[in-house]
Structures are given as structure tokens and as C-alpha cells.
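Every value quoted in this text rests on a predicted model; they were computed, and no experiment measured them.
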Amino acid sequence: MSAEVLQRVVEYVAQAVRRIEIRRVVFVLHGGEPTLAKASAVRAFCRAARSGLAGRADVSFAVQTNAVRIRHEWIELIRDESMSIGISVDGDRRSNDLHRVDHQGRGSYDRIKASIATLKEELPNWREQLGGIVVLDEHFAGLPAYSAMVDDLGFPRVKFLFPDACHDDQSIDTTQLTLRLIEVFDHWLVHDQRSVRINLFTNAIRRMLCAPLRPERVQSEFTLGVAILSDGTVQIADEFMSLQQWFSRQKSLSIFDSTFFDWLSQPQVSEICRASMVIPNPCRDCKFALSCAGGEVPSRYSDGRGFDNASLYCSSLYALHAHIAQRVLEGQEMLGRIESRS
Ligand code: SF4
């Protein structure tokens, strides 16, 4: 991304936060390999963004990298700006090296491991900054993948992502995935729940125990992603790309000759905002509506009903939430027995 585009990004976002209340802005650098950009240019952008939005919104930065090779100036930048780092790994060494190879056919697992070791040495707050990303696709190996991420690579946070797909895409069979996810949950609960953060699990437990997703909470937790491409094109975030026809209907806008409000006023963006603030009608009678809330917004979309569907991954989500609820109940019963004896 050129210096001209980076400068305009700051003006574009600053104009938005001056006009509407946006509490937090997170600039996520991703797509291609962001750490190939000049660290000095990104550092200048971070400074300009902090100063341009000062007093109006909390500003933070994140970078998604393959971590095959992170140059020292980038590690300094990540440390100085307290950037979050998301590292994508395809599970265990075997699966990763099958799918992530360089042009010489070499797998990336060992180089990722070396980069993580360096990051841990160089970043005093690595526990807060470092996280691994695993896509829950047909290659997800369950426990071997989890063990590689946590025991071997040593991630303190793991983000499990269902593949980007819409409700209409019924070709995905999630039976094996569900069993593996439940197996991973039990292992994590026994061994790692204090030391490793997995939002898919902790959010479900938290919402079941003490913080159900009430409508007003859903509205206040509402996050809207905007993608700005290297040529200045501004569009709906990438996770909606799998909704091909719907995605292609958005306007062609550039940060150079439009405002954030032009982007925000498109019907597709209004649809995303509405869908993010409500639990879909088919989920209202589900006993996990206040902990699952219909899953991720893109996975709810169908051509016939828009976003008013349960998630494409409903069967996995239902089974996972039912399993977590069972474990929570067992824990409560055990505590009750201990209390009654004392
Ligand atoms: S488990 Fe299924 S029906 Fe229940 S809230 Fe989640 S997506 Fe909706």
C-alpha cells in the first residue's frame, strides 16, 4: 500500500469518527504478507493514525502473518505499537507442511516455530499479543492440531474459525468436525483453560454462566469490518466474499473520492448492521440462542431469506453448546455436593 493511500486511510477514518460515535478502531494489516511492507512506512502510518484519531476513539493495530520470516524491524514495530499478531497455521506439522509450501516445496512449520520463539524472546507482552488461527475445515485434525498449536508452538490464544461460506452452501459435512471440536474442548477444559484463551469456548461458557447475549448487549458489542485494498478501494469485509452475488452488488467506492458515509449508506452494509444486532428468527426458540446467537453473520445468509437463518454450522454449534452446557451442569452439581457436605 503506497504512502498516499496510507495517508488517505487516516483522513478517511478520522472523518468518520468525527461525525459518529465509534469507540474503538482496530487497523488489521492482512492479505498477502503484510510484513513484506517497509516497517518504517507502517510505523509512520501507526503514528499518523494515533494522532489523527486522538481523543475520539481508542486505536490499536493487528497484523495477520504467515510468520515464515519476520524481519527484526517488524518485531520492533510490533513491540512498540503493541500490535496483536495472528499467525495462521494448518494444524499439526504434517497437515501444515502438506498445504503451506514455498516454491521449493518446503513446508513452513519449522520456520513458523522459529519465528514464534523469536517473538516470545523479543516481546515482553507476548501473552497478550500472540495468537494462532486455525480454520475448522475438512483438514482439521482435532487433538493433534490443538496439541501442535498449544504444546509445540506454544500459542497462548487460539482462534478457531469456521470456513467462510453462506447458509446456501449445504455441501459441507461437519459431522467429523463436531466430534473433533468436542474432543478438543474436553482436553482444553482439563489441561489448559487457565493458560490458553479460546474465544469459541470461553465466550460460550461466559454467556451460559453470567453474561447471556441480551439484545442491548449485542448492540453494544457490535463490530463492523471495512476492507480497504491497496489501491484505495473500500468494500465490505472479506468474510462476506463467499456470498458472491450479494457481495458483487455493493458499490464500487474508493477512499479518494467518497466518504465512510457513502460506504455505510449502502443497502448491503445496512443488512450486515441489522443482522449483527439481532438473533435470527429461526434461532429464537433455540435453548442456546443467548450463548450462540445464530453463529457468525456471513454463515447465516441465503438468497431467499437474506441473513434471517440459523448458521450453516448450526449442527456443530448446537452440539458444541450442548456439550459445554452439560459440562457446566456437571460442575455445578459437583459444587452442590461439596457444599452440602461442608
Ligand atoms: S445452535 Fe443453531 S439454532 Fe441455536 S442459536 Fe446457534 S445457530 Fe441458532
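Ring orientation note: the planes of Y146 and H187 are nearly perpendicular, at an angle over 60° on the 30°/60° scale. Under the 30°/60° scheme for interplanar angles, the aromatic rings of F201 and F160 are found to be tilted. Using cut-offs of 30° and 60° for the angle between ring planes, the W246 and F240 rings count as tilted.
We find that R23 and D58 are not joined by a salt bridge, their nearest charged nitrogen and carboxylate oxygen being 4.0 Å or further apart. A salt bridge links R50 with E81: the distance from a Lys NZ or Arg NE/NH1/NH2 to an Asp or Glu carboxylate oxygen falls below 4.0 Å. A salt bridge links E11 to R8: one of the charged nitrogens lies within less than 4.0 Å of a carboxylate oxygen. Salt-bridge annotation for D152 and K113: present, with a side-chain N of the basic residue lying under 4.0 Å from a carboxylate O of the acidic one. The existence of a salt bridge linking R180 and E183 is excluded, since no basic side-chain nitrogen approaches an acidic carboxylate oxygen closer than 4.0 Å.
Across W74 and M83, no two heavy atoms sit closer than the pair CZ3-SD, 4.3 Å. Contact between A165 and Y313 at its shortest, heavy atoms only, is CB-OH, 3.8 Å.
Side chain of S115 to backbone of R111: a donor-acceptor contact under 3.5 angstrom is found. Under a 3.5 Å cut-off, the side chain of R300 and the backbone N or O of G294 do form a donor-acceptor pair. Side-chain atoms of E122 never come within 3.5 Å of backbone atoms of E76 as a donor-acceptor pair (strictly under, hydrogens ignored). Remark: the backbone N or O of L189 is not paired with any side-chain donor or acceptor of D192 at under 3.5 angstrom.
Note that R19 lies in the cation-pi zone of F261, set by a 6.0 Å cut-off to the ring centre and a 45° limit from the axis.
Taking a 6.0 Å sphere around CG of D257, one finds it holds more than 12 heavy atoms contributed by other residues, nucleotides or ligands. For Q193, the CD atom sits in a packed shell: over 12 heavy atoms of surrounding residues, nucleotides or ligands are nearer than 6.0 Å. For R71, the CZ atom counts as densely surrounded, since its 6.0 Å shell holds more than 12 non-hydrogen atoms of other residues, nucleotides or ligands. Remark: K38 NZ is loosely packed, at most 12 non-hydrogen atoms of other residues, nucleotides or ligands lying under 6.0 Å away. Counting non-hydrogen atoms of neighbouring residues, nucleotides and ligands closer than 6.0 angstrom, the CZ atom of R69 reaches no more than 12 such neighbours. Residue-environment remark: CD (E21) stays at or below the threshold of 12 foreign heavy atoms within 6.0 Å.
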Q) Yes or no on side-chain hydrogen bond (donor to acceptor under 3.5 Å, both in side chains) for E33 and T35, after CA distance, side-chain angles and deciding distance? A) CA-CA 6 Å; E33 176 47 46; T35 64; 2.6 Å; yes
Walk me through whether E271 and R274 qualify under salt bridge (charged side-chain N to carboxylate O under 4.0 Å, His left out). CA-CA 5 Å; E271 274 185 85; R274 268 198 307 279; 5.6 Å; no
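In the hydrophobic clustering of ILVMFWY residues, with side-chain heavy atoms under 4.5 Å counting as a link, W263 and I20 come out together.
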